[in-house]
Each structure stands twice: as structure tokens, then as C-alpha cells.
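Heads up, the thing below is written out as C-alpha cells.
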Amino acid sequence: MESIFLQQTVNAILLGAIYALFALGYALVFSVLGVLNLAHSAIFMWGAFIGLLAVEQWQLPPLLALLLGALGGGLLSVLLEFIAFRPLRRRNAARISQLISSIGASILLVNIAQLLFQQIYNRTEAYYPLDLVLFPGMSTETIVLDDIGLRIQPIRIVILVIALVTMVLLQYMVTRTQIGQHMRAVAFSERIASLLGIPVSRIFVLTFFLAGIFGGMAGMLYGVAFRKVDPFIGENVALVGLTAIVLGGMGSIQGAVLGGFIVAALQTISIAAGGSSYSNAIVFVLLFVVLLVRPQGLLGQPENTRA
Amino acid sequence: MNLLIDALIQVLRPIGITEPVFQFMLVSAILGLSVYLTLYTGMLSLANAGFMAIGAYVSVVLTTQFDVPLGIAMLIAMTVCALVAIPIGLPTLRLKDIYLAIATIGFGEVIRIIALNFDKMVESILELFSNGERVRFELLNGARGIKNVPQLTETWMLIIFLIVAVFLIIRLHHSRFGRAMSAVRQDERAASNLGINVVYVKNMVFILSAILAGAAGAFNGHLTRIIVPNAFDFAKTVDILAYAVLGGTSTWLGPIVGGMVLTALPEILRFSSQYRGVVTGAILLGTILFLPGGLVNPKGLQQVWRRYVKREPALTAAEEDPVDA
Amino acid sequence: MALLEVENLQTNYGAIKALRGISFMVEEGQVVTLIGANGAGKSTTINTITGLLKPVSGSVRFMGQDITGWRADRVTKLRLIQVPEGRQLIANMSVMENLTIGTHIRRGEKIDEDLANIFTRFPRLNERRTQKAGLLSGGEQQMLAVGRALMMRPRLLMLDEPSMGLAPLLVNEVFQIIAEIKAQGIPILLVEQNARKALQIADYVYVLDRGQIVNQGTAEELRSDPAILSAYLG
Amino acid sequence: QDDATDEAMDEVQMGAWETCETPDNLPEEINLGVIYSLSGPISVYGGPQQQAVQLALEEINGSAYLGEGTTLTAIFEDSAGDAEQAINAMTKLVEEDGVVAVLGPTLSTEAFSADPIAQENGTPVMGTSNTAIGITDMGDFVFRDSLPEASVIPGTIAQSVEILGLERVGVLYGDDDDFTLSGYDVFIEALDENGIEIVGEETFSREDVDFSAQLTNLLNNDPDALIVSALSAEAVQIIIQARDLGFEGAIIGGNGFNSPDTIEQTGEASEGVIVGAAWNVASTNPYSEAYETAYEEAYGNAPDQFATQAYTGAWLFATAIRCANSAERSDIRDALAAITDLETPLGTFSFSETRDPIHDPVVQIVQDGAFAVLGAEDMEESE
Amino acid sequence: MLKLQDVSRRFGGLQALSDVTITVPDGRVVGLIGPNGAGKTTLINVISGLDHPTSGTIHFDGMSIQKMPPHKVTRLGIARTYQNIHLFGEMTTRENLMVAQHKRGTSSILSSIFYTPAFRRETHQFEAEADALLDQFRLQDVAEAPAESLPYGDQRRLEMARAFATEPRLLLLDEPTAGMNPTETRALGDQILMLMQSHHDLSVLVIEHDMSLIHQVCDEVYVLNFGKIIAHGTPAEIRDNPIVVEAYLGKEDSELI
Ligand SMILES: Nc1ncnc2c1ncn2[C@@H]1O[C@H](COP(=O)(O)OP(=O)(O)OP(=O)(O)O)[C@@H](O)[C@H]1O
Ligand SMILES: Nc1ncnc2c1ncn2[C@@H]1O[C@H](COP(=O)(O)OP(=O)(O)OP(=O)(O)O)[C@@H](O)[C@H]1O
Ligand SMILES: [Mg+2]
Ligand SMILES: [Mg+2]
């Protein structure tokens, strides 16, 4: 009983790391734009896809592939800013139309990926090689700690570390650096930011680039961890990611990470308690309760406005 | 009426709109109206897929298990939706924007999961009272769905329902309640200080929206011959939102047009075979970029006219974003 | 060559013609005031100069450079600083952050010194330095807006109704600050409803009405103009 | 020499289908409607199905199977895994395009929505991956060549129990999908019949990728074997993760395990995996081998079961048309219903009274990185 | 009559109001002045129900209202304007007024759906009233323009007109003349006086920094500083009160007036 508890805890933490990494990029764009970028999950998928092509078709070393996946995600994300968001902002369109344009972009990206999969693999799924090691010297053997009854795959630990490091770096950047301050100013109001001499357009591009990097990286790591990649893997995490950032508090970096871990923990707990059919329902019920008590999410800030 | 519909279908057939497609377009139009009501009141509620599921399941169980006529089954389904909307809306509608959106998406997901596990849940409850004997209970059949649902929905019913709904919404807009809806959207605090019971307005609208979604679900359930929980998932929610926003939310006509266009689009685009998805995405993106206010948006069309046809210089007003809005 | 030269500026909001071709200038070291009724186009003028709005025609030259149609952040980098109407603070940042956020456009030295100056002038801000700007009272917000602009060391400061919503004591304070800024040789373009005080401090005055300049002159000239007296001085 | 084997293969292949005289009464072009999920997540299954049908049609037309001058053309429609689109596609094919028969749709759910349209219009329709109960009850024009789980799983369980001596098993299944849920029901029934103790049941959802929590739960009860009702997309993950968690017993699955990926993508982890299915890549039936070679040659990867059933479905329709010597929908239906003991890649194939398929399923186990008939060794030993 | 007894409001560590006791008698215009951040807006917020006091009681005509939601407070006859304009920007001027008539409407949704005579009568009556208000507040010219496109001064007047359209017996005005020039300010003062004349039991609580307006319209004035009432009296008394001069007016202004 003790060992199963320990194993489930580890399961939850490792799953949470992936959710968290994905949610980070989501949260970043939302906090700066105030817009949900529903195409973020497509970026995630493209990160996994590019990484796959890199190791599988171009035979590049996996670390380089990770870099390419992240970079590809970043560039695609910037592209999204140019084609799906900027034109609408320029015309002062309602935020909700930006949401819809991101859906359009997402459909486009997923379908392009599907065509490419078909071209390259003759079907719409493909796998990362079985014995892929992320960096030289890394083991693919499951780590077995028999005396406490624990088994962990090394790759998941790597993902956990990457997620945590990324979170700390991002948090530092946003709260401690000038760029971060400028991002928050733009997030609050482009108009005010521009009156403070902040190059608004450049900040947007940067934000999208960073978010894309996180999305792409998360996708690539997800691919490495679970190996199967298809044009639709983004849909698996889209709702989870959304739940995570809302639960944690929109616009809060730690919130996104915390949310990711909580969602994973809840899913795991409900499965461990014998409720695998209800695990997602339980997640949403908790979300519901949290929002009723703290409408701004766990780490979110209350609205700073007055009558 | 039927003659008219037939004639209309004859005209539309060459572009790929057959009668079933037309029926689904009408259902989408109702869904569009459902989300329009909440958006018009400033609530980004995405519970529509959930209420659609409730409407579909309740009405289908009634017509298939209890031989209730469709009309009455629909009324009951709509009532159930309204009753469910009350306890959901009261706590949830205090939330704003994306928080409301995700909480209501959560509602939809929970409904879907309940539908998936309903039989199992009832079974285990019944087992509590039966001395541990294994009980079989089959009503919703989980993922297998309810099969062989009679196709009771007729095109004319959908058209009449839509006309009545539009009529009521127009009248609603002209009532003081309609003005209150708009006021709540634009400035909740000011509205409450003018004597508008914001909680009441929001909840009423949420209920109305739930009723419309429930009706759409009931119609839809009696069109597809089978209902399964996964038909009412997150993707459906996103679709419904897209109906309203792509169509434009400044008038009731927008969501109707949006729902119909978005539903017809994949059928019209069948000729593009494997490029269908890409083309759909590109059209959606292109439309919203050109017409950010949606397809039906008088102001936006004027702007586009000025900008692209008359080639006047672009508008110059920068975004107003006061500190305390 | 004047510091700021505005020539025949025309700006529209859609079909509404808010500016119908106005021309004026601000010389080094001057305080120039724009007065005019509500909706005359004063804010529109300032916003067009800073690049928040694009003019339909006309030109804006600053320090000899044609900046017509530049984006606001580029204009601001020239340290042509606007204190916008309605304060426009970053509500979710602290007072302190609001004060320092614009300082990236100047060189780093003496920021602390300037900050100390601001705090002596507005002790209220010092007390609230960690509070979120959005929760400040109206007057506190106005002080913060002026403070923020000063922290950017403007070459030309454009103030859009800086005394709006301030207690009499603070109105005096603000005008005193304006006088001090003027004394430091920083030129100011001031938009004011409080014409009495504005005329006291101004070197030159333009009167705006429905998007056009209908009168102009030195402060003394206008103070003795009976039409102005009755319309703006009450 | 290669050519020679190719030819020999062709012979085997073509020989199988030539049950009736070459027809002489057919129009130049016969349109066959095909509805598969070609976009969206289900396209993983729909895509190969489409390719298999294309392959079949090339062979059919290339060999003038329907007589010189007659071509069988497929009109492919995408249903995107969506019941509404399936209805729309079926309406278009049956009412607008006037096809003589329809293959598909991919999902049972789609079939329940769309097949009645074919039935109403007297157009034969054949499911090639619908395994739910009640599909063919929709009417006498509704066929399927996909063996329902109920015809496969009981045998799988009985054999596994006998050979491996199972006593306690854990069950893992997808509960939001008709296919996996039907599989689960049949598994449970079969386990019951064999008196096997179920030490745990866990569920997952379509497209899940992490099954560690469920598996940890199940393995905690020390089962002899894991019974899995999943689609191939999840099967690979489940096998790998179960082994990662230290499970060494048998993993028994249905259709879902029955894909080339099961071995390719799980490597050593697949040792001891038992697959009971309508058809398997490793099938030694000569018709199946010939088909498989042709498929691999055309598309570069091995077919899965659904593709094979789609391929067979296209051939079955062609055979019905040939035997009916008519392109009339009702004639085709009658000829189809009359098919008995036809040699196909699925084995010796007949339609039952209820238009369901009758042929032998296969139960195989992964040994030394390859599928082998379950119990083959024991049988050899005992001989 | 409005009566506040020992009203306090804390925001975390900040005591925005402490033990404020004031009375606004019927038919009187009461001024509320004080330095920026003194708590004036907070006071109006707790009266109008947008915010609630941490302690103390508020009575309006003997009814305790300190816990009431805003719409109920309004229905009792208390209306307000905002320091930062809060109009319904997408609605026209006239529609803004019609929203304010909401609470007086008796027509049900059903009657409007069926367009009953009662509904039509009510609509006509409201339209006529709206026209009268447009006249009274000099907004006829912009009646059909969207509120967001109005010049600032017009917006301020519209806010007041809108508050007045709820037919209040107590009107709370938060800096109604901010951004107006002296001429406009005086006109607004006249407007308030006119309202007082035509509505006998109307009372007004007005926050202002413009002392000329205070002198023009107020019967009595409270002075708030750091959340406390530091002075109360007629405008003239206040002007000469040294504490007020020190905390609020400054030398120059008291001399000027
Ligand atoms: N966003 C806008 N959309 C449409 N019209 C506008 C907008 N902003 C201002 N206007 C119009 O432009 C004209 C000039 O407005 P502006 O704000 O420049 O006046 P102002 O002189 O600053 O007045 P105030 O003293 O009230 O601030 C007014 O008629 C106003 O109605
Ligand atoms: N929601 C809030 N949270 C925290 N502090 C607040 C909040 N609302 C007001 N305050 C603080 O309470 C004090 C009083 O604010 P209030 O707005 O009532 O001042 P005021 O008298 O209206 O000033 P002004 O004349 O400048 O408008 C201020 O210091 C303000 O920062
Ligand atoms: Mg202005
Ligand atoms: Mg105030």
C-alpha cells in the first residue's frame, strides 16, 4: 500500500511536469495579450512533429532536435502573431475575435501537419524511435528502486527538471528584468506602454516567440516521453492546459505551473482511488469549487479596479 | 411550407447542401442564438454543449423509452435545462471572462462524463439496495449511445422554431430587460447602480440560453439517429462559440448566419478532398481578419467598404483603454 | 526653428473631423497653453502629436525632425512625453513600478535622485509606494501620472488637463510644479480647463474651438480679451 | 525471379476471387461510395482504409475483374469521425452521386447515423470496421465484414487460460468509445465463463497517453495477466508502460493490439503480448500474404486489420457485382448476401443470415519479436 | 433623509473611512470636500451599495441599507454618478437614459413580447420623459449619438442626467465638474439648483474640488481628511476654518473666494 502511494505520487509529479510546461506558454501569451491563443496546442504538436522529423528523418542528435522543436515552435508562434493576431489588434477588434482567429489558425496548422504526415509517413501517426536518448550518457533503462517499490523513467525526470528550470527562469525574467516589466506594461495597455516608449510590437513578437519555444519544447518532450506523434496530440493537452492556467490564476507564471501539477495530481488521485472513469470530472468539480472561493484562481491577482 | 423547403433545397443542392445538411445548419443557427444571448449580456459562457447534451438525452429517452411525442419531449427537455441552469448559474455567473468560460466548459465536460457513466452510477446505487446482487441498468448505454433514435425532427419544425426564437429575441431587445442585458455587458457596476439586478439578469439570460441549447440538442438528437456523449465535447463547444463570433454578435442575425455558414462550409468544400481542412481553416481565419466584427456587422461592413472599395485611408482611432474600465 | 512645429494638422475619427487643420508651435523654454471647450480637440491634438492617432494630413516636426505618423513609442523615445488625460496608469503595478517604468528611455544616472524629488513633492505617493496604482484615489493617480512623466526627463512635456480632479491645494501644487519645470527650462505644452491658472503660467496661448484655432496670443493679450474672459474665466 | 513470385502471388490473389463468370452486362463505369474518417484523430484508421480500397480497386480494374471496359470507381467522402458529417456524406453519395453501394463509415457511431439512409434508399452498405452490436439490425441492405468482438474474444480467453493457466487478471479498457467498450463487455463475459478472478478494472479515455496511474493500481494486485480493450493508438503506450512498471505477465488484447505497431513500436516490451483478432499481419493464409505484400509495396508500411477489412470489403462488393452481373443496387445486395466460402485475406469468408461475417479469428502471441500462433509450440511438443 | 452613523471602511492596512457620521437632510444640498485620497469616493461607494462598510450603519428614510446590493439601494431612491465616467459607451445618449428608467418599469418580458397596450403606454411615457431630460440637460443634439463619441463634458452631463432618470430622492455626485471650464461649471451649478427647485424633497450629496461650485450650491459642507470628518458647517464657515485651509484649501484659494 505504501509503495503504491509512492509510485502514484511519482506518476502524478511526472505527468504534472508535462502539463506545467505546456501551460507556461499558454499563460505567457494570455498574460501579455489578454487573449487565449487556442493555437498554442497546435504549436505544441508542431514542436513534437519537428522534433520527430529531426531525429527520425534528418537523423540529427536528439538535443539538437529538441532545440529545433523549440525554435520551430517559437517561429511558428511568431508567424501566428503576424497572421492571426496583429491584423486584428491593428483594427481594434474585440478580443473574442482574436480567440476565433486563433482557432482558425489552429485548424490550419493541424491540417497542414496532417497533409505532411500523409506525405512523409503515408499515415497520420508516427513514433519517436524506441531507444532515443535525449543526451549522450542518458539511460533509457527504467530506474528501479525495489526496496521502496518505485520505478521511474529517466526521461520523465529530465522533463521535470526542464519544466522547473524553465519556470524559474521565466518567473525571474517577468518579475525582475526590464523586458519583463515592459511585457507586463504592454499586457496592461498597449496605449499606455507606447506612451512610455516601450516598443509594443517588438514586445508582442518576443512574447509569442517565448511562448512558442515553451510550447514547442513541451511538445517535443511529450513526444519523446510518449513517443507517438500525430497531428492531434495538441487536443489532448489543450483543455488540460486551459484548466491548469485558470486553476492557477491567469497571468501568473507560478500559477500555471502549480495548476499543471494540481490537475495531474487530481487525475492520478482519482484514478488511484478507483475512479478512473471520473478523473476529469473530478478535476472540473475541484476547479469549480476553487473558482467559487477564489474567482481569480489560486495565485491570480484580484482585479485592480475601483468604481 | 414543405414545398418552399423543397424548392430551397433544390437550389442549394448543387453546392452540396442537401436536406440533412440544411437541417444541421438550422440546428447550428439555434445554437448560435443560444451563445449569442449570453455574449450579448457580456458573459463568455460555454455551457452550451452541456445543455445541448441534456436536451438531447432527456428528449431522446422520453421519445424512445416512454413514447412521448417529440413536442412534449422537447418541452420537458427545455424545462430540465432551465432547472439545471439555475443551480449552475447562481454560483458560476459571478465569474468573469475566461474564468467563466472554463468553469462552464467544465460543466459541459462533467455532463459528458456523467452521460458516459450514467448507467454504471445508477447500477451501483441500485446495488446498495439489493443486498449486493449485481443489477443491470441500461438507459443511456455510456459510450455506445442510444441507438435507433427515430428521426422525428423535420425541417419545417426547425424553421418555425428558429422564427419564433428570433421573434422573441427581437422583442426581448426592445424590452427594458433587453436594455438591461446590454447595460450589464457594457458596465456591470453602473448597471447595478441604476437599479438593475445584475444577478437576476445574468441568470435569466443563462437560463434562456440553456433552453435554446437544450432545444437544439433535442432537435439534433432526433436527426442523428444515435446520440453518444462524445458528440458534446470541448470541440463542439468551440464550434458553437465560433458560430456566434464569426457571424457577429452585434445583431441576432449574425449568430444565425455564422452557424449556418460554418456548418455548410465543410459540405460545400467536399470537392477540395484532402485539402478540406486547410481550406476551412484558411476561410475561417481570413473571414475573421477581414471582418473582425463578424459576417453580419453593419459597422464593420461599412468600414470594409470604405477601406477596400473606396480606398479611403485607414481609420486612425487608437484603442481607448482607460485605467479603470 | 521652434522646438515643436505643428502645421495644418487634420485628424478624423471615422467620419468625425476632430481637427480641421491646426497650426501652432512651441519654442524652447516656453509654456504654451491650449484652451478650449469640451470636445474642441485638445486631447486629439496631443494624441496626434504623440503618435497615438494618425493625422489625415499636415505635419508635426520636433527638434527639426519630421515625426508625422511615427508610432508613439518612437516619439516618446525622443523624450516628447505626454501625460494623458484620465491618468492612464498601469493599474496592476505598484506606485514605485509606475514611476520607474519609463526611465529606460533616459540614461540611467540620477534616477534615485529624481525619485527622491518626486517623493518630497508628493509625500502621499511615498506613503503609497507599494500600493497598486489602480487602487489609488483619483488625486493620487494624477500625482503619479505627473511623477511618472517627470521621471522620464522630458525634452517637451505635454500635459492634458493635469489639474483635473485635484484638491485645491494640489492644484496649486501642480501649477507650482509646472512653474518649476518651466524654470528648469523644460518646455511645456499644457492643455487646461482651469484657464485662470493656465493663463497665469503660460507664455503663449492658443484657443481651440471645434477643431480649429480661433484665437491666439500671449497670455496677457488673452487675459484682457473680454470674449475669452467670459468664456473661459467665468 | 522476383517477377515470377509476383506473378505467382497475383495468381493466388486473383484466383481467390474468381467465383463467377466474367460479367458482360455491366456499364462502363460503376461508382462505389466510400465513407471513411479521413481527417481528425480517427483518420489514423480511416486513412489506411482508404488506401486499402484504392489498392483493391487498382487490382480489380487492372485485372478487368468486372469484364473488359468496366471500371469500378470509388467516390471517397470524409466523415471526420462525426455522425453529422457521416449522414451528410451518405446522403450525398446515395442521393446525389447515385453510387451502387457504400463502404464504411469507419466508426460504429457513424454507421448508426448514416446506414439507415442507405437502407431507406435500397443501397447496400458494408461496414469494414464496425464491430458494435446491432449494426446489421438496421436493415437488409446493411452488411459488415468486420468480425464483432464477440466472435473473437471468447476464443482468445479460452485459449490463453488453457495454455498459460491464468487465474487472476486485471482489466483495462477505454470507456468513452463504442469499440473498446464492446470489447470490454465481451472480455468480462468470457472471463466469467472461464471462472477467472478479476482483481481490478480501470478505464481510460480516447487519446490518453499516460496510463501509469491505472497500471500502478492494477499491478498492485498482482495479476497473472492484463486484459486490455484498447485501440492501437493506446495499445502501444499501455504495453510499454506496463513493462516499465515491472509487469512481466501476459498482456491480452483484442483488435487494438492487432497492428504492426504492436511489435515495431514496443520492441522487447511486446514479448508475451497475446492478440485475438479477426486478422493479423502475421497471418499465414496465402491470400493474406499476397495482399500484404501488395499493400507494403504500394504504401511502404504494413496494413492493419481495419485496412484489410476495407480491402476485403471492396473486393466483396466487386465480387457481388460480378456475380450479379448487374450494377443494380438490389441485385448487388442479393449477390452479396449469397457469398459463401470465399477465400479472402481474412480467411474463408461467408456472410451469415444476418449479413455478419463468418470466418475464423486468429489468436497469436508475440515471441522473439514476432507473432506466432498461440499454443503452436505446445502443440508441436505434444505431437 | 440619509444618516450615516460611525461608518468605517478598511482596505487591508488602510483605514479609508473611520467613524464617519453625517446626515443629508431632505431638500438640502450637502457638499463633501477633502484632499485627494481622503475617502470621499469610498463614502459614496458604501452609500450606493457598491461597497459595504466594515462597521457602522447607514439609514435611508429609517431603512438600514448598509448591506444592501446596489440595485436595491437605487430602487429606494438613491442614484449616483462616478468620478471616472461609467457610461454605456455603445448605447446612444437616449438609450443610456432609458436604461436608467429600468427600475421603474413594470412591464414584464411577456408584455413586451406581445407588445401589449400597457407596454406601449409605458414605452411612450418613458420616451417622453427621456426627451424632457435631454432638454433639461442640454443633450438634445447628441441624443442619438453613441455615448462613447460624446465630448467629455457632455459625457459628464449625461451621467448626471442618467442618474436623475432613476427618479432619485438622493443624488450622489462624485466630482461632477471635473474637466469643465468655469463657465461650464457655473452652468452645472445652475442645473443642480434648478433640480432642487423643481423637486422639493430631492437631496444631493456632492463631492467637489471646485470651491466655486460648493459655494454656489451647497447648504452645508462636510470636510473629510484621512477618513475622518474634520469640519462641518456652511460653506462660508468652512472657508474660514483654519484647519480646512491648512489641510485642503491652501492659502491662495481661500483668499480668492
Ligand atoms: N474615440 C472617439 N471616437 C469618436 N469621436 C471621438 C473620439 N474621441 C474624441 N472624439 C470626438 O472628437 C472631438 C474632439 O475630442 P477631444 O477629446 O480631442 O476634445 P477635448 O478638447 O480634449 O475635450 P475635453 O476637454 O472634453 O477633454 C469631440 O467632438 C469628440 O466627440
Ligand atoms: N479597493 C481599494 N483597495 C485598497 N485601497 C483603496 C481601495 N479603494 C480606495 N482605496 C484607498 O482609500 C483611500 C481613499 O480613496 P478615495 O477614492 O475614497 O479617495 P477620494 O477622497 O475620493 O480622493 P479623490 O479626491 O482623489 O478622488 C485612498 O488612499 C485609496 O488609495
Ligand atoms: Mg480632452
Ligand atoms: Mg474620489
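Quick caveat, the model's predicted, so the values are computed rather than measured. The chains referred to below are lettered A, B, ... by the order of the sequence lines, with proteins before strands, and numbering in each begins at 1.
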Is [X] salt-bridged to [Y], cutoff N-O under 4.0 Å?
X: B:Lys120; Y: B:Glu123; result: no
X: D:Asp78; Y: B:Arg276; result: yes
X: D:Glu120; Y: B:Arg225; result: yes

Next on the checklist: Is it true that D:Thr123 and D:Asn121 share a donor-acceptor pair across their side chains at a distance under 3.5 Å?
Outcome noted: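 No donor-acceptor contact under 3.5 Å links the two side chains.
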Which atoms of [X] are under 4.5 Å from chain D, going by heavy atoms: the side chain, the backbone, both sets, or neither?
X: B:Ile17; answer: neither
X: B:Pro229; answer: neither
X: B:Val228; answer: side chain
X: B:Thr224; answer: both

Item to check | Matching residue for B:Arg112 among B:Asn230, B:Asp233, B:Asn117 - test: side chain to side chain donor-acceptor pair (under 3.5 Å) | outcome: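 Among B:Asn230, B:Asp233, B:Asn117, the one meeting side chain to side chain donor-acceptor pair (under 3.5 Å) with B:Arg112 is B:Asn230.
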Next on the checklist: Is D:Leu38 close to chain B through its backbone or its side chain, or both, or neither, when contacts mean heavy atoms under 4.5 Å?
Outcome noted: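 Neither part, no heavy atoms under 4.5 Å.
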Next on the checklist: So for D:Asp185, is it side chain, backbone, both, or neither that comes closer than 4.5 Å to the heavy atoms of chain B?
Outcome noted: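 For D:Asp185, the side chain is the part near chain B, not the backbone.
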Top residue by heavy-atom pair count (under 4.5 Å) with chain B, among [options]?
options: D:Ile133, D:Asp82, D:Asp175; value: D:Asp175
options: D:Ala86, D:Ala83, D:Ala89; value: D:Ala89
options: D:Ala80, D:Gly81, D:Pro116, D:Ser39; value: D:Pro116

Next on the checklist: Under a 4.5 Å cutoff for heavy-atom pairs, which residue among B:Ala115, B:Gly142, B:Ala235, B:Ala143 has the most contacts with chain D?
Outcome noted: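 Heavy-atom pair counts peak at B:Ala143.
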Item to check | is_close_aromatic(B:Phe24, B:Phe219), centroid dist under 6.0 Å | outcome: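 Distance test on ring centres: not under 6.0 Å, no.
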Item to check | Verdict with reasoning, B:Val149 to D:Phe112, per side chain to side chain contact (heavy atoms under 4.5 Å, CB included) | outcome: CA-CA 9 Å; B:Val149 180; D:Phe112 281 115; over 6 Å; no
